[in-house]
**Student:** 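Sharing a structure below in structure tokens format, with a few things to ask.
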Amino acid sequence: MHPQRRIPSSFDGRIGTMMQPVRVRFAPSPTGRPQVGNIRTAMFNWLLARHTGGTFILRIEDTDVTRKVGGAVEYIMEGLRWLGLDWDEGPEVGGDYGPYFQSQRLALYQEAARRLVEQGDAYYCYCSSERLEEMRQDQVARKQPPGYDRRCRSLTPLECAQKESGGLRPVVRFRVPESGQTRFRDLIYGDVVFENTTIDDFVMLKSDGYPTYHLANVVDDRAMKISHVIRGEDWISSTPRHLLMYKALGYEPPQYAHNPLILGPDRSKLSKRHGAVSILEYRDQGYLPETMFNFIALIGWSLDDKTEIISREDLVKNFSLERMGKTGAIFNREKLDWMNGVYIRGLAPDDFARRVLPFLEKDLPTAVRRPLHADYVRRIMPLVQERTKRLTEVAGLVKFFFVDELEYDPPLLIAKNMDRSTTLKALEVSLSRLEKLADFSEALLEALLRPLAEELGLKAGQLFSVLRTAVTGETATPPLFQTMSVLGRDRCLKRLQEALARLRTVSS
RNA sequence: GGCGCAUUCGUCUAGCGGCCUAGGACACGUCCCUCUCAAGGACGAGAUCACGGGUUCGAAUCCCGUAUGCGCUACCA
């Protein structure tokens, strides 16, 4: 196997980097429930770590006090765990490179910023956000590229002191070179080049003492010995800033691999307005974690020209950055549903029943007594397993097994090419014959009913259709005999009598 | 506007110069199976490989340009 066969080496040639152990990280910002796009990036990182025997690190980038959302870290870990993406270092598991919350590493960033200022690679900026906003609007109006105008770039220490004595809290900006270019070889996208003149003096340290993503990720990736940064493609434009900082700090940068984005149906970056975006919502909508793992991995990655269903083990065994695509992909719900059906059908019956149970408890009509009888549920589940695509739809499929009173429109009892009287007759005769049947086993039911259809001058399908509706109140159900068998003699007979009574009230 | 990236069936993709009159999957259509619904099987429709130039004996594959789309352009990540 040659994981990065196609990547011409520029980093590989550098002494010491080639045999470095793989250390990758997933560094989400705790701003809400984990989105599928971010989770996919986490997966690719995890996959590379597991494939190479490396280390997968979870680091929380909580550097934006204003966007922090309570409980978000728990949600993120919950999503990761649900998919089986275990981390070797990070919250709750610790590690030698902690703390793994950036809000607890402030001194490190401040120290780096101070050093860069001392070296002359960064400077204090006292411009107010109002001024900056005005400047931007002006630039846009004049069709100039927006960017900091570097007003504070050459303030003297004395001027700085004066501003500060006036109560101004500065930010620290990076002093971007005014010439030259910054380039890197992305493991997925290949060579990417930026003119330094197109990069503005970005903020590294905010006035509240917190770092921006740019500074924090560089400092931490270095401190945590990250070997590969796999992150969303939307970061590609920021990469030269990071590279510039590595250079100023005298650090060797990690290797970069940007993965393409997951798009909404309108081809724009997937966001809340596209509907379900959190991995946890997919869980709640009845998708299996193995489905999500398989499906998400195959958005942007492929094994070959035909593999669609692939296990986690095979994914780990075969994963490589080289087989990553570079185009954004729309999340195809129909295909997800199909794949979930495939995985559901592959579940052992008891496993299926076990996974459905919580959905049943939640979704069955409130009139149904809880807790559900596990053995009864286990008998029903095989009848619907191959018919379900999402766990959430099972309740609707098996409702009639639990409910006391069926609700349906009586004329529905009348099958194709039949009328009220033939249906009445079919029901009457069936009922009387069935009453004499002591054991409602599948085989006996079939042995009785099939010949009966002929005797009544009906096609088997017609009789079965009448009985199906009578006994379930539905026109689409699992096979009749199995259904009746599980329902049991008493309930079937009772429902047949009810059906008869209902149909009699229908005028002909 | 600037910069960056991308561009193969509706969608997800295979394709690394000849195997491609472009393969697979979802969805779709027809048929088979069948007590309904599924599942399964068979078949089919669906892509002038964004467009235009090159390079080459030969290009979906390499190069250039154009178009379109997306991303970034915050004291967000």
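Keep in mind that what you see is a predicted model, and the values were worked out from it rather than measured. Proteins get letters first, then strands, A, B, ... in listed order; numbering begins at 1 in each.
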**Student:** According to the Watson-Crick and G-U wobble definitions, with both distances under 3.5 Å, which nucleotide is paired to B:G71?
**Tutor:** B:C3
**Student:** Using both distances under 3.5 Å as the test, list the Watson-Crick or G-U wobble partner of B:G52, or none.
**Tutor:** B:C64
**Student:** Which whole number of Å gives the distance between the P atom of B:U66 and that of B:C3?
**Tutor:** 12 Å
**Student:** Report yes or no: does A:Q462 contribute a side-chain atom to a donor-acceptor pair with the main-chain N or O of A:K459 at less than 3.5 Å?
**Tutor:** yes
**Student:** Starting the side chain at C-beta, find the nucleotide from B:C5, B:U11, B:A25 nearest to A:K335.
**Tutor:** B:A25
**Student:** What pairs of residues pass the side chain to side chain donor-acceptor pair (under 3.5 Å) test when at least one of them lies in residues 475-485 of chain A, not counting sequence neighbours?
**Tutor:** A:R468-A:T477
**Student:** OP1, OP2 of B:A14 versus side-chain N and O of A:S302: anything below 4.0 Å?
**Tutor:** yes
**Student:** What's the gap between B:U13 and B:G54 when it is taken at their P atoms, as a whole Å value?
**Tutor:** 33 Å
**Student:** Using the C1' atom as the point on both nucleotides, what is the distance between B:C75 and B:G71, in whole Å?
**Tutor:** 22 Å
**Student:** Please state whether the rings of A:Y213 and A:W235 are parallel, tilted or perpendicular, taking 30° and 60° as the class boundaries.
**Tutor:** parallel
**Student:** Distance between the C1' atoms of B:G4 and B:U8, in whole angstroms?
**Tutor:** 23 Å
**Student:** Can you check whether any acceptor in the base of B:G24 is under 3.5 Å from a donor in the side chain of A:E308, or vice versa?
**Tutor:** yes
**Student:** Say whether A:D201 and A:Y123, considering side chains only, have a donor N or O and an acceptor N or O under 3.5 Å apart.
**Tutor:** yes
**Student:** Quick one: A:E454 CD to B:C35 P, roughly how many Å, whole number?
**Tutor:** 14 Å
**Student:** Which pairs, protein N/O on one side and nucleotides 62-64 of chain B N/O on the other, fall under 3.5 Å?
**Tutor:**
none

**Student:** Which base, if any, makes a Watson-Crick or G-U wobble pair with B:C35, both distances under 3.5 Å?
**Tutor:** none
**Student:** Given that both distances must come in under 3.5 Å, which nucleotide forms a Watson-Crick or G-U wobble pair with B:A22?
**Tutor:** none
**Student:** Is a side-chain donor-acceptor pair under 3.5 Å present for A:T422 with A:D419?
**Tutor:** yes
**Student:** I'd like to compare against my own output: the B/S/- annotation of nucleotides 65-77 of chain B with a strict under-4.0 Å heavy-atom distance to protein.
**Tutor:** -----SBSSSBBB
**Student:** We want to know whether A:T307 and A:D304 form a side-chain donor-acceptor pair, criterion being a heavy-atom distance below 3.5 angstrom.
**Tutor:** yes
**Student:** With no hydrogens and no angle check, do the side chains of A:R323 and A:S302 hold a donor and an acceptor under 3.5 Å apart?
**Tutor:** yes
**Student:** Determine the contact category for A:S465: base if any of its heavy atoms lies under 4.0 Å from a base atom, sugar-phosphate if only primed atoms, P, OP1 or OP2 are that close, otherwise nothing.
**Tutor:** nothing
**Student:** Between B:C37 and B:U11, how far apart are the P atoms? Round to whole Å, please.
**Tutor:** 31 Å
**Student:** State the pairing partner of B:C43; accept Watson-Crick or G-U wobble contacts with both distances under 3.5 Å, and report none otherwise.
**Tutor:** B:G29
**Student:** Rounding to an integer number of Å, can you tell me how far A:N294 CG sits from B:U13 C1'?
**Tutor:** 14 Å
**Student:** Please list, for nucleotides 20-23 of chain B, all pairs of protein and nucleotide N/O atoms separated by less than 3.5 Å.
**Tutor:**
unit_1	atom_1	unit_2	atom_2	d
B:G23	N2	A:D305	O	3.0

**Student:** Specify the separation, in whole Å, of atom CG of A:L480 and atom P of B:U36.
**Tutor:** 11 Å
**Student:** Using the side chain to side chain donor-acceptor pair (under 3.5 Å) rule, collect all pairs that involve residues 167-182 of chain A, keeping only residues at least two apart or in two chains.
**Tutor:** A:R153-A:E178, A:Q181-A:R183, A:Q181-A:E195, A:T182-A:N196
**Student:** For the residue pair A:P260 and A:E233, what are the closest heavy atoms and their distance?
**Tutor:** CA-CB, 4.0 Å
**Student:** Distances under 3.5 Å only, N/O to N/O: pair up the protein atoms with those of nucleotides 41-47 of chain B.
**Tutor:**
none

**Student:** I want to confirm an ordering. Mapping A:D191 and A:V342 to their closest nucleotides on RNA chain B, which one lands closer to the 5' end?
**Tutor:** A:D191
**Student:** Classify the side-chain pair A:Y126/A:E164 by whether it contains a donor and acceptor separated by less than 3.5 Å.
**Tutor:** yes
**Student:** If we take the P atom in both B:A25 and B:U68, what is their distance in whole Å?
**Tutor:** 36 Å
**Student:** Counting side-chain heavy atoms from CB outward, which of B:C12, B:C26, B:U36 is closest to A:W338?
**Tutor:** B:C26
**Student:** Name the pairing partner of B:A59, where a pair is Watson-Crick or G-U wobble with both distances under 3.5 Å, or state none.
**Tutor:** none
**Student:** Give A:G341 one of three labels, base, sugar-phosphate or nothing, depending on what nucleic acid heavy atoms sit under 4.0 Å from its own.
**Tutor:** nothing
**Student:** State which residue, out of A:Q139, A:E133, A:E134, fulfils the side chain to side chain donor-acceptor pair (under 3.5 Å) condition with A:Q137.
**Tutor:** A:E133
**Student:** Would A:R312 and A:F293 count as a cation-pi pair here, with the cationic atom under 6.0 angstrom from the ring centre and within 45° of the axis?
**Tutor:** yes
**Student:** Hydrogens and angles aside, do A:R273 and A:S268 bring a side-chain donor and acceptor to less than 3.5 Å of each other?
**Tutor:** yes
**Student:** Given A:F295, which partner from the list A:Y287, A:F331, A:W338 fulfils the ring-ring contact (aromatic ring centres under 6.0 Å, His included) test?
**Tutor:** A:F331
**Student:** Distance check: side-chain N/O of A:R345 vs OP1/OP2 of B:G40, anything under 4.0 Å?
**Tutor:** yes
**Student:** Can you find a heavy atom in the side chain of A:V342 that is under 4.5 Å from one in the side chain of A:E308?
**Tutor:** no
**Student:** Within the 4.0 Å heavy-atom criterion, would you say A:V193 contacts the bases, only the backbone, or no part of the nucleic acid?
**Tutor:** sugar-phosphate
**Student:** For B:C9, which nucleotide is its Watson-Crick or G-U wobble mate, given both distances must be under 3.5 Å?
**Tutor:** none
**Student:** Scan A:P478 against the nucleic acid and name what it touches under 4.0 Å (heavy atoms): base, sugar-phosphate only, or nothing.
**Tutor:** base
**Student:** Which residue lies toward the 5' end of RNA chain B, A:F481 or A:K389, if each is placed at its nearest nucleotide?
**Tutor:** A:F481
**Student:** Do A:T239 and A:R231 meet the criterion of a side-chain donor-acceptor pair at a distance under 3.5 Å?
**Tutor:** yes
